[in-house]
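Here the structure is laid out as structure tokens; the discussion comes afterwards.
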Protein chains: 2
Amino acid sequence: MSPSIKDVAERAGVSVGTVSNVLNHPERVADGTRAAVQSAITALGFVRNSSAAQLRAGTSRSIGLIVLDMANPFFHDVARGVEQVADELGYAVVLCNSDDQLPRENRYLQVLEEQRVRGVLITPIEVSSERLDALRRRGTPTVLVDRHDPRVNCCSVAVDDVGGGELSGAHLVELGHEKIVYLSGPLALRQCADRLTGLRRAVAAAGLDPDEAIEVVEERAMNARTAHAAASALFAAGSTATSVFCANDLMALGVLRAALRTGRRVPEDLAIVGYDDIEFAADATIPLTSIRQPTQQIGRAAAQLLVEECDNPETHAHQQVMFKPELVTRESTAARKPPRECVDEF
Amino acid sequence: MSPSIKDVAERAGVSVGTVSNVLNHPERVADGTRAAVQSAITALGFVRNSSAAQLRAGTSRSIGLIVLDMANPFFHDVARGVEQVADELGYAVVLCNSDDQLPRENRYLQVLEEQRVRGVLITPIEVSSERLDALRRRGTPTVLVDRHDPRVNCCSVAVDDVGGGELSGAHLVELGHEKIVYLSGPLALRQCADRLTGLRRAVAAAGLDPDEAIEVVEERAMNARTAHAAASALFAAGSTATSVFCANDLMALGVLRAALRTGRRVPEDLAIVGYDDIEFAADATIPLTSIRQPTQQIGRAAAQLLVEECDNPETHAHQQVMFKPELVTRESTAARKPPRECVDEF
DNA sequence: CACTCTGAATGAAACGTTTCACGATCTCCA
DNA sequence: TGGAGATCGTGAAACGTTTCATTCAGAGTG
């Protein structure tokens, strides 16, 4: 097996305690001794056994992060934010991908708990599940990411989806649209429902009747293909809508494609607003207007809250942080101007 | 602190050895005893301490996976494949994202080694680095993902990029193109260089002179924006090329946008081939012809090789697995036909 | 010289498991 | 009735660290 601290001690002619001190409190060891130990370490290729260290120490310096889907740029950016903060504060992040499946989420929670992580950041499949509650009951700090727990017994970080819908609605109304399609994912998802609420609010605020001005199309999947089909169906049915607000950018891209395919001009004949402002949104055939969420900041804030709770368990007070999304206007809703990024093409 | 096996034993009125057996070898324990222990476990909310278990057992059931960029669908799919196989074989996967930075890669290697993972799957920043060599020297099995080590002292799984370039070239030549632009990322990357090699080979095989038929444009970044700019520049310079082969799909999408913007028809005026066949390729304004890599299979194969080596360290023989990519033809190169996916739109 | 003080190193205990040699009890059959 | 198995359970050792009370050797002081 790999050499232990004992082998190192032997080779350096010191006690194991001293080797441990070199590793953890170098300042307590005299220069000469330290050098001797160091060279023994490199000579033997010693690597600390973290199981033993953690067992003895009784506590780890790591936190778990369970996301729904690492392929989703949203969660990817959140993870990046979390890692940044964790790094700064000397914590390690254990990254887990539940893939939206409860059994996977449960398995990861089990693993994290067995590893005695200090805390868990999670976008749970359901805000309250058997295992998750058990984890909290046993005293492991938990922070909800992109979710809120109505029963407010833990910290959470989310984005104001009502506000996002409102931004989009206000923008479209301001451009003169009086007939807006809301191409949504499952309205059972809070995010989708909230955005509709915001949209209606904005429309109402402009003096229009939401029930007349807004047509809701609910789809099960939130990808380009579904959206393309939905938009095609709308066109075929002779929809009079002049604008579409989509639940995410992929759907918006699907709508964009359907529109261009059928000879519609964007934004003149149809204005399109997406959501998430994924990287590619700016590089679409017609750059997409979208709602941007401060994803990295979400991750940073969540990590900070968690570490705060880990470090001061008694004085800690749970917080619900809510970020505001931001409207990014691009060509897909702009009044037609010379394309900004291509002016010097010819 | 959380209850230990000892607390459980006390409460159930048995010895710690018995509790351990219930956990690890239930068949060795009589039904009644097992039930008593189980109920003590749930009553106390006992969760096994994996540090202690691993320390005692001396060996873990986990492997590390270090990828360059989890945002990249390629690596995401690879990871999925790895997880599948690991699951089946009872291993846990520790997922790490080096973000193309050597310090991060090194830090993760350190952590994995301290955790005594059984083996490591890695797409290294450099095929041979200080730390990576050290890891291998100490006897931790290693499998290279999407890389090859010329010195062949470990397993590796990769895709035949020369073959990919060849597929693309043969396809374009067959369609009658005699002037092809290769829009590449840094040619210092083996992948980019290999694809060019394949492209030249296919062109030569068709009796054309590669130097005349192929124009290479090398860009630093491999995204849509760069590609859009590069394509625009080509058009402005009056390029006579009738087709573009791009180093990845994002670049292809950038080229597509530039072409449509300047009134070109795709594929009649310009045929476009991408690489990777990302999910969105099929949903672009003009669906993209692309080269698909068997990403999940790469992950599966890599995990299988690693586990094989972990389980039979002496009999194991290193293997270099090379997958063949596949051409997926879509509209961006097809002779113009009624769009396949939109026939019933009107 | 006797003394305290300081800095450095030691050695044993403890962390929570798993393992394994050993008992204890029961069953079955000669 | 006695002995051989089989079946269950026990208890102590061991895994590789960290921690902390203790020892030791000098240096400084009166």
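Predicted model only: the values in this text are computed from it and were never measured. Each chain gets a letter, A, B and so on, in the order its sequence line appears, and its residues count up from 1. Note: hydrogens, waters and symmetry copies are ignored here, and every other heavy atom, side chains too, is used.
For DNA chain D, no neighbouring residue in residues 40-53 of chain B is found when judged by any heavy atom under 4.0 Å. Taking a 4.0 Å limit (strictly below) on heavy-atom distances, residues 21-36 of chain B reaches DNA chain D at B/Val29, B/Ala30, B/Thr33.
Nucleotides of DNA chain D that come within less than 4.0 Å of any heavy atom of chain B span, from the 5' end to the 3' end, D/dC8 to D/dG16.
Using a 4.5 Å cut-off on side-chain heavy atoms (C-beta onward), B/Leu95 and B/Met70 make contact. Residues B/Val78 and B/Gln296 have side chains not in contact (no heavy-atom distance under 4.5 Å, counting atoms from C-beta outward). Contact of the A/Val127 side chain with the A/Leu144 side chain is registered, since non-hydrogen atoms from C-beta on lie closer than 4.5 Å.
With hydrogens and angles left out, the side-chain atoms of B/Thr18 and B/Ser15 include a donor and acceptor closer than 3.5 Å.
For the ring-ring contact (aromatic ring centres under 6.0 Å, His included) test, residues two or more places apart in sequence or in another chain that qualify with B/His316 are B/His318. Partners of B/Glu279 by salt bridge (Lys or Arg N to Asp or Glu O under 4.0 Å), not counting sequence neighbours: none found. B/Ser20 is linked by a side chain to side chain contact (heavy atoms under 4.5 Å, CB included) to B/Ile5, B/Asn24, counting only residues two or more places apart in sequence or in another chain. Taking B/Ala40 as the reference, B/Val8, B/Arg11, B/Ala12 meet the side chain to side chain contact (heavy atoms under 4.5 Å, CB included) condition, with sequence neighbours excluded.
Remark: DNA chain C forms stems of 3 or more consecutive Watson-Crick or G-U wobble pairs, all pair distances under 3.5 Å, at C:1-30 with D:1-30.
Under the salt bridge (Lys or Arg N to Asp or Glu O under 4.0 Å) criterion, no residue pair touches residues 53-79 of chain B, with sequence neighbours excluded. Note on residues 310-319 of chain B: pairs passing salt bridge (Lys or Arg N to Asp or Glu O under 4.0 Å), not counting sequence neighbours, are B/Arg118-B/Asp311. Judged as a salt bridge (Lys or Arg N to Asp or Glu O under 4.0 Å), the pairs with a partner in residues 122-136 of chain B (not counting sequence neighbours) are, in order, B/Glu113-B/Arg131, B/Asp133-B/Arg136. Listed by first then second residue, pairs satisfying salt bridge (Lys or Arg N to Asp or Glu O under 4.0 Å) with a partner in residues 84-101 of chain A read A/Asp87-B/Arg107, A/Glu88-A/Arg300, A/Asp99-B/Arg80, not counting sequence neighbours.
OP1 or OP2 of C/dT10 has at least one side-chain nitrogen or oxygen of A/Thr18 nearer than 4.0 Å.
Atom CD1 in A/Ile5 sits roughly 13 Å away from atom C1' in C/dG11 (whole-Å rounding).
Across all strands, B/Gly17 comes closer than 4.0 Å to base atoms (heavy-atom distances). Across all strands shown, B/Ser4 has heavy atoms under 4.0 Å from sugar-phosphate atoms exclusively, and none from any base.
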Candidate pair B/His76 and A/Asn97, rule side-chain contact (heavy atoms from CB on, under 4.5 Å), full reasoning: CA-CA 11 Å; B/His76 183 262; A/Asn97 192 354; 3.7 Å; yes
